Structures are given as structure tokens and as C-alpha cells.
Protein chains: 2
Amino acid sequence: MIKNIRNYKQTLVYGISLAVLLLLLRWLELRYVILAHSFEIYAGVIAVLFTALGVWVALKLNKPQVLTKVIEKEIYLTAAANFVLNEQQLAKLKLSARELEVLQLMAVGKSNQEIADQLFVSLNTIKTHSSRLFEKMDVKRRTQAIELGKKLSLIP
Amino acid sequence: MIKNIRNYKQTLVYGISLAVLLLLLRWLELRYVILAHSFEIYAGVIAVLFTALGVWVALKLNKPQVLTKVIEKEIYLTAAANFVLNEQQLAKLKLSARELEVLQLMAVGKSNQEIADQLFVSLNTIKTHSSRLFEKMDVKRRTQAIELGKKLSLIP
DNA sequence: CTTAAAATCACCCTAAAGTATGAGGCTTTT
DNA sequence: AAAAGCCTCATACTTTAGGGTGATTTTAAG
């Protein structure tokens with residue numbers, strides 16, 4: 001049924017309309033008493049008029065249905081903010097743990113010597129790691145490895 | 001008004017209801033003729049009943065009004081998908097157009113020689129550009145320049 | 001226990017990257 | 001017109017990166 005009558009204005013309008021119609025009918029009754037036994041017609045007119053009134057009121061009071069529409073809002077983040085390692089790609093390239101570690105350090109701009117120092121191994125070790133890394137990733141330079149690594153979500 | 005009558009079923013129901021009500025009123029009329037001058041009451045009953053009928057019919061036939069409520073859903077994209085150059089940072093670092101160009105090519109893994117070939121200048125020119133670039137960005141290596149450049153949205 | 005992969009390191013060599021300095025030509029600004 | 005900044009190029013030099021080969025030790029898997 002009709003719930004939540006939003007404003008009293010429409011209720012008032014309805015009441016006034018009803019009164020006016022009743023008065024109109026009353027006036028018609030007094031004026032055309034001649035038409036005896038026109039009761040059915042009279043009732044029919046009332047029925048039609050008030051049906052229309054009911055329809056109008058209902059349409060006025062009918063509260064619109066709320067349909068929630070989800071709109072995708074694009075939010076731009078740096079890739080690092082929510083990085084998840086792509087383990088499928090990692091497995092596909094068969095990168096070892098150490099090689100990935102070296103790649104990560106390369107990506108943040110460290111030199112081979114700095115990587116060696118940080119991992120407590122020799123410079124030569126890092127060179128062999130990087131060589132294997134480039135071979136497995138099929139790249140020629142560390143910058144390409146970094147670019148590809150980011151593209152494949154191997155590094156942030 | 002009422003548009004788009006969706007099925008004839010409801011129209012039929014309305015018609016039958018109207019007929020039933022009229023018959024009911026007719027029956028009441030025959031049964032309680034004793035109540036003379038109850039015409040106004042009679043009319044009022046008709047009015048109320050048909051108003052209610054009108055309301056019911058209107059609600060049935062009225063296509064539910066749709067009010068779309070927009071809910072924003074956050075979608076996370078990689079920064080590269082829609083890169084916008086950070087011109088404030090670019091101005092702050094005072095990078096020249098050529099230097100930025102070199103940085104961009106570095107970032108995609110090109111060697112100095114490849115950059116030189118692509119820009120139709122000599123290798124020495126690229127070296128000069130890169131040196132100035134590193135100086136302005138306060139970095140030591142191209143990998144650091146790339147990392148910083150991405151962080152500052154100078155490159156995708 | 002044996003085998004394979006991974007990690008480590010060394011040596012040598014070449015290629016690439018990066019630094020320093022100087023300089024000429026061009027455009028814009030003062 | 002002069003100054004400043006940019007682009008260009010060169011030469012010389014140092015440092016770093018990368019390739020190739022070989023070898024030892026650890027570790028993981030069968």
C-alpha cells in the first residue's frame with residue numbers, strides 16, 4: 001500500500017478535491033432531479049471520477065524505487081602500493097630466489113658492487129647471478145630486465 | 001498518466017473488480033431500500049471504494065519509478081595505464097626536453113647507442129645529456145634515474 | 001646416498017656507462 | 001647586443017656492466 005506520506009500538501013489536495021466533487025455532485029443532483037432513476041449512471045460517474053482520483057493520488061504518492069547502480073571509479077596508485085608477486089611468471093622463467101633478489105636490488109638503482117655488499121657476497125657472484133638472470137629473461141641489459149620484471153609483476 | 005500497460009491480465013482484473021463492485025452496490029441497494037435519503041452515504045462509500053480501487057490499480061500498473069543511486073567502486077590501475085606527466089616536478093628539476101626524452105628511452109631499456117641512433121645524434125651527445133640528467137636528478141646511475149623518474153611521474 | 005640445481009667465487013676480456021673538459025651553434029631573455 | 005640556456009659533438013679517461021669459462025660448496029630432491 002501507500003507508505004510514507006511525504007507531505008501533507010497532497011493529502012490536503014486530495015481532501016479538497018473530494019469535497020469539491022461531492023459538492024459538484026450535489027449541485028448536479030439538485031439541478032437535474034428530473035432525471036429519475038439515473039442512479040446507476042450517477043454511481044458510475046462517481047466510480048470513474050474517484051477511480052481516476054485514486055490513480056492520480058497513487059501516482060503522486062508512489063515513492064520511486066531506489067535502484068543502486070555501481071559505477072567504477074578509477075583510482076590510480078603506484079604499482080608498489082599493492083604489489084603482489086606473479087608466481088606464475090616467476091615459475092615460467094624459472095628464476096631462482098637469489099636471482100629475483102638481485103633483480104629487485106637492481107630495480108631500486110643499486111650497482112652490482114652495492115648488491116654484493118648488501119648480500120655479503122662477492123662482486124663476481126652478483127655478475128654470475130645477473131648473467132643468468134638476463135639469460136633467463138632473454139634481455140641484454142639490467143634496464144631491460146627491470147622493465148620486463150615490472151611488466152611481469154616480478155618486482156614492484 | 002498510466003503508460004505502458006504491461007499485460008491485459010490486470011486490465012481484466014480491473015474490469016471484473018468494477019463489475020463486482022457495481023453488482024455489490026446494486027445488491028445493497030435492493031436489500032436496504034429502507035434506508036431512504038442515504039444517497040450521500042452511498043455516494044461516499046462508492047467514492048472511497050473506487051478511490052481505493054484506483055490507487056490499487058495505479059500501483060499495480062505504474063511502472064516502478066527508478067531512482068539510480070550511484071555508488072563509486074574503487075578500481076586499482078597500474079600507473080602506466082594512464083600516465084600524466086608531473087610538470088611541477090619537471091619544472092622543479094629543470095630538466096630539458098632532450099634530457100627527459102633520453103630518460104624515457106633509458107627507462108624502456110635502451111642503451112646509449114640505441115638512444116643516439118633513435119634521436120639521430122652521436123653517442124657523445126647522449127652521454128652529455130645523461131650526465132646532466134643525473135646531475136640534475138642527483139643520482140649516480142641510469143637505474144636510479146629511472147626509479148626516481150617513475151616515482152616523480154616524469155616517465156610512465 | 002646420489003644427483004641436480006643453486007649458490008658461491010675467480011680470472012680474463014670486451015662493451016657499455018659515466019666523468020671531465022672544452023667548444024661551436026642556436027634560441028630566448030634581458 | 002650581451003647573457004643564459006640548450007643542443008650538439010669531441011677527446012680522454014675511469015668505472016661499471018656484461019660475457020665466457022671453469023670450479024667448489026650447499027642445498028634440495030629422488
Side-chain angles (χ1 to χ4, degrees), chain A residues 85-152 154-155, chain B residues 85-152 154-155:
Chain A
L85 199 153
N86 187 339
E87 302 197 40
Q88 287 76 38
Q89 283 292 347
L90 191 65
K92 193 180 290 180
L93 294 176
K94 294 181 181 175
L95 298 190
S96 74
R98 213 51 162 169
E99 287 158 357
L100 180 62
E101 210 171 354
V102 169
L103 178 60
Q104 290 169 343
L105 293 172
M106 279 180 175
V108 295
K110 307 231 176 193
S111 69
N112 286 342
Q113 186 60 62
E114 288 171 342
I115 297 171
D117 293 345
Q118 182 165 339
L119 299 183
F120 301 106
V121 295
S122 81
L123 173 61
N124 286 313
T125 303
I126 299 303
K127 285 190 177 184
T128 49
H129 281 321
S130 63
S131 281
R132 296 240 170 84
L133 181 64
F134 300 156
E135 200 176 336
K136 288 181 181 179
M137 294 182 82
D138 195 28
V139 296
K140 289 179 179 176
R141 285 174 283 280
R142 51 173 55 228
T143 49
Q144 289 182 347
I146 293 167
E147 173 80 352
L148 182 59
K150 294 204 175 197
K151 191 175 290 179
L152 300 182
L154 301 174
I155 48 178
Chain B
L85 199 153
N86 187 338
E87 302 198 39
Q88 288 76 37
Q89 283 292 345
L90 191 65
K92 194 180 290 180
L93 294 175
K94 295 180 182 175
L95 298 189
S96 74
R98 215 52 162 166
E99 286 159 359
L100 180 62
E101 210 171 354
V102 169
L103 177 60
Q104 290 169 343
L105 293 172
M106 280 181 174
V108 295
K110 305 232 176 193
S111 69
N112 285 343
Q113 186 61 62
E114 288 170 342
I115 297 172
D117 293 344
Q118 182 164 341
L119 299 183
F120 301 104
V121 294
S122 79
L123 174 61
N124 286 314
T125 302
I126 299 303
K127 285 190 177 185
T128 309
H129 284 319
S130 64
S131 279
R132 295 243 170 83
L133 181 66
F134 299 157
E135 199 177 336
K136 288 180 182 178
M137 295 182 82
D138 194 29
V139 297
K140 290 179 180 175
R141 284 174 283 280
R142 52 172 59 253
T143 49
Q144 289 180 349
I146 293 167
E147 173 80 352
L148 182 59
K150 295 204 173 195
K151 192 176 289 178
L152 300 182
L154 301 176
I155 48 177

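Letters A, B, ... mirror the listed sequences (proteins, then strands); counts begin at 1. Just so we're clear, the structure is a prediction, and the values are computed from it rather than from any experiment. These numbers come from the heavy atoms of this one structure, side chains and all, not from hydrogens, waters or symmetry mates.
As judged by a 4.0 angstrom heavy-atom cut-off over every strand, Ser131(B) is placed among the base-contacting residues. As judged by a 4.0 angstrom heavy-atom cut-off over every strand, Thr125(A) is placed among the base-contacting residues. At the heavy-atom level, Asn112(A) lies under 4.0 Å from the strands shown only through sugar-phosphate atoms.
Arg142(A) and Thr143(B) make their closest contact through CD-CG2, 3.8 Å (heavy atoms, listed as atom of the first residue, atom of the second, distance). Across all non-hydrogen atoms, the minimal contact from Ile146(B) to Leu103(B) is N-CD1, 4.1 Å. Across all non-hydrogen atoms, the minimal contact from Glu99(A) to His129(A) is CG-O, 4.0 Å.
Along DNA chain C, the nucleotide nearest Arg141(B) and the nucleotide nearest Thr128(B) are compared for position; the residue whose nucleotide lies closer to the 5' end is Arg141(B). Position along DNA chain D of the nearest nucleotide to Asn124(B) versus Ala97(B) favours Ala97(B) as the more 5'-ward residue. Toward the 5' end of DNA chain D, the nearer of the two residues Gln113(A) and Ser122(B), judged by each one's closest nucleotide, is Ser122(B).
Leu123(A) has its CG atom 11 Å from the P atom of dG18(D), to the nearest Å. For the pair Ile115(B) CD1 and dC7(D) C1', the computed distance is 16 Å after rounding to whole Å. Here the C1' atom of nucleotide dC7(D) and the CD1 atom of Ile126(B) are 10 Å apart, to the nearest Å. Summarising the geometry, the separation between CG on Leu95(A) and P on dA6(C) is reported as 10 Å, rounded to the nearest angstrom. Nucleotide dG22(C) holds its P atom 13 Å from the CZ atom of Arg132(B), rounded to whole Å.
OP1 and OP2 of dA7(C) both lie 4.0 Å or more from every side-chain N or O belonging to His129(A).
Under the 4.5 Å side-chain criterion, counting only non-hydrogen atoms from C-beta, Arg98(A) is in contact with Glu101(A).
You'll find that the side chain of Arg98(B) is closest to dT8(D), out of dA6(C), dA17(C), dT8(D). Here the nucleotide nearest the side chain of Ser111(B), chosen from dC9(D), dA17(C), dT19(C), is dA17(C). Comparing atom distances between the Ser96(B) side chain and each of dA17(C), dC6(D), dG18(D) picks out dC6(D) as nearest. Relative to the side chain of Phe134(A), the nucleotides dG18(C), dT8(C), dG18(D) differ in distance, and dG18(D) lies closest.
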Verdict with supporting geometry, Leu133(A) and Met106(A), side-chain contact (heavy atoms from CB on, under 4.5 Å)
CA-CA 11 Å; Leu133(A) 181 64; Met106(A) 279 180 175; 4.3 Å; yes
